[in-house]
Amino acid sequence: MSLSTHVLDTARGCPAADVHVRLARRAAHGYVALAEARTDKDGRIKEWTPLGREWTGTLEAATYRLIFDTGGYLGDDAFFPEVTVVFTIADADQHHHVPLLLSPFGYSTYRGS
């Protein structure tokens, strides 16, 4: 798989475990859900669970989004209950790492390695 992600809790200074994440690909009329997973104790996703026939296990050059259920991790009073990161893969032969740095009142992301 050419995509990985992890979630770090910058307020607590530790990985964010058990965060639900969904992966979707942009289509002609919106996004098509491809896969989902939960972060492990290190805040990483190692394997994705397919959501339907659209998932082939590999990514092509296209626009994708990762939807992080931050409310499930931060609790009912989370200021950002969901974080969506949209990104474009131009070269599907490269590995793409999209981490999320999370705190109760802010988040950031970047293209990692």
Side-chain angles (χ1 to χ4, degrees):
M1 162 131 206
S2 63
L3 175 68
S4 61
T5 187
H6 74 273
V7 182
L8 298 174
D9 184 329
T10 58
R12 295 180 182 150
C14 63
D18 203 35
V19 176
H20 182 251
V21 183
R22 290 172 286 150
L23 171 66
R25 183 183 66 240
R26 183 179 286 166
H29 302 289
Y31 282 84
V32 175
L34 297 177
E36 67 181 352
R38 289 190 172 273
T39 57
D40 63 15
K41 66 179 181 163
D42 294 322
R44 298 182 180 278
I45 291 179
K46 295 180 181 164
E47 291 186 37
W48 294 91
T49 301
L51 294 172
R53 292 177 277 185
E54 291 289 330
W55 178 249
T56 63
T58 59
L59 300 177
E60 57 194 40
T63 298
Y64 295 88
R65 69 179 177 188
L66 289 170
I67 303 110
F68 298 86
D69 177 17
T70 52
Y73 175 78
L74 294 170
D76 293 335
D77 59 345
F79 187 72
F80 295 107
E82 182 176 275
V83 172
T84 300
V85 178
V86 178
F87 59 97
T88 300
I89 292 179
D91 183 354
D93 292 331
Q94 291 185 13
H95 176 72
H96 295 79
H97 183 64
V98 183
L100 179 69
L101 306 178
L102 180 63
S103 70
F105 297 101
Y107 63 88
S108 64
T109 188
Y110 57 94
R111 177 167 179 189
S113 57

Participant: What residues form a side chain to side chain contact (heavy atoms under 4.5 Å, CB included) with Ala35, not counting sequence neighbours?
Facilitator: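 Listed in chain order: Trp48, Trp55.
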Participant: Just by distance, no angles: are the side chains of Ser4 and His97 close enough, under 3.5 Å, to form a donor-acceptor pair?
Facilitator: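 Present: a donor and an acceptor within the cut-off.
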Participant: How far apart are the closest heavy atoms of Tyr73 and Ala17, and which atoms are they?
Facilitator: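 Of all heavy-atom pairs spanning Tyr73 and Ala17, the closest is CD1-O, 3.7 Å.
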Participant: In a check of side chain to side chain contact (heavy atoms under 4.5 Å, CB included) between Tyr64 and each of Leu34, Val85, Thr88, which one passes?
Facilitator: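 Exactly one pass, corresponding to Leu34.
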Participant: To check you understand the geometry: which heavy-atom pair defines the closest contact between His95 and Arg111, and what is its length?
Facilitator: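 Where His95 meets Arg111 most closely, the heavy atoms are O-NH2, 3.2 Å.
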Participant: For Asp40 and Arg44, indicate whether the former's side chain and the latter's backbone hold a donor-acceptor pair under 3.5 Å.
Facilitator: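 Yes; judged by distance alone, with no hydrogens or angles, the pair exists.
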Participant: In chain order, what residues pass the side chain to side chain contact (heavy atoms under 4.5 Å, CB included) check against Asp91, with sequence neighbours excluded?
Facilitator: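 So Asp91 forms a side chain to side chain contact (heavy atoms under 4.5 Å, CB included) with Asp93, Gln94.
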Participant: State which residue, out of Phe79, Phe68, Phe80, fulfils the ring-ring contact (aromatic ring centres under 6.0 Å, His included) condition with Tyr107.
Facilitator: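 Considering Phe79, Phe68, Phe80, a ring-ring contact (aromatic ring centres under 6.0 Å, His included) with Tyr107 is found only for Phe80.
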Participant: Does atom CZ of Phe87 have more than 12 heavy-atom neighbours, drawn from other residues, nucleotides or ligands, at distances under 6.0 Å?
Facilitator: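 Buried by this count: over 12 neighbours within 6.0 Å.
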Participant: Measure the spacing between OG of Ser108 and CG of Leu100 and express it to the nearest 0.5 Å.
Facilitator: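 Going from the OG atom of Ser108 to the CG atom of Leu100 covers 7.5 Å.
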Participant: Checking one residue: Leu51. Which other hydrophobic residues are in its cluster under the side-chain 4.5 Å linking rule?
Facilitator: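 None, because no other hydrophobic side chain comes under 4.5 Å of this residue.
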Participant: Write down the atom of Ser2, the atom of Leu59, and the distance for their closest heavy-atom approach.
Facilitator: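 In this case the closest contact between Ser2 and Leu59 is OG-CB, 3.8 Å.
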Participant: In plain terms, say whether Glu47 and Arg38 are close enough for a salt bridge, that is, a side-chain N and a carboxylate O under 4.0 Å apart.
Facilitator: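 The answer is no: the pair does not qualify as a salt bridge.
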Participant: What is the distance from atom OG1 of Thr109 to atom CG of Leu66, rounded to the nearest 0.5 Å?
Facilitator: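 It comes to 8.0 Å.
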Participant: Can you tell me how far apart CD1 (Ile45) and CG (Leu3) are? Round to the nearest 0.5 Å.
Facilitator: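 These two atoms lie 8.5 Å from each other.
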Participant: Keeping Thr39 on the side-chain end and Val7 on the backbone end, is there a donor-acceptor pair under 3.5 Å?
Facilitator: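 No.
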Participant: Establish, yes or no, whether the cationic atom of Arg65 lies under 6.0 Å from the six-membered ring centre of Tyr31 and within 45° of the ring axis.
Facilitator: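 Yes; both conditions hold, so Arg65 lies above the ring face of Tyr31.
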Participant: Can you name the nearest heavy-atom pair linking Pro99 to Gly112, along with the distance?
Facilitator: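 Smallest heavy-atom distance, with atoms named: CD-N, 4.0 Å.
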Participant: Would a hydrophobic clustering, with Ile, Leu, Val, Met, Phe, Trp and Tyr connected at side-chain separations under 4.5 Å, put Val19 with Phe105?
Facilitator: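 Same cluster.
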Participant: Looking at CG of Leu102 and CZ of Arg12, how far apart are the two atoms once the value is rounded to the nearest 0.5 Å?
Facilitator: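 Answer rounded to 0.5 Å: 9.0 Å.
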Participant: Can you tell me if Thr10 uses its side chain to pair, donor with acceptor, with the backbone of Leu101 under 3.5 Å?
Facilitator: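 A pair under 3.5 Å: no.
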Participant: Roughly how far, to the nearest 0.5 Å, is CG of Asp69 from NE2 of His20?
Facilitator: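 That separation rounds to 7.5 Å.
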Participant: What distance separates His96 NE2 from Ile89 CD1, expressed to the nearest 0.5 Å?
Facilitator: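 These two atoms lie 4.5 Å from each other.
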Participant: Sub-3.5 Å donor-acceptor pair from the side chain of Thr84 to the main-chain atoms of Ile67, do we have one?
Facilitator: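 Flag not set: sc Thr84 to bb Ile67 has no pair under 3.5 Å.
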Participant: Check for me, please, whether Val83 and Leu8 land in the same ILVMFWY cluster - side-chain distances under 4.5 Å, paths through other members count.
Facilitator: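 Unlinked, Val83 and Leu8 end up in two clusters.
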Participant: So, the side chain of Ser103 versus the backbone of Ala11: is there a donor-acceptor pair under 3.5 Å, distance only?
Facilitator: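 No, the answer is negative, given that no donor and acceptor are paired below the 3.5 Å cut-off.
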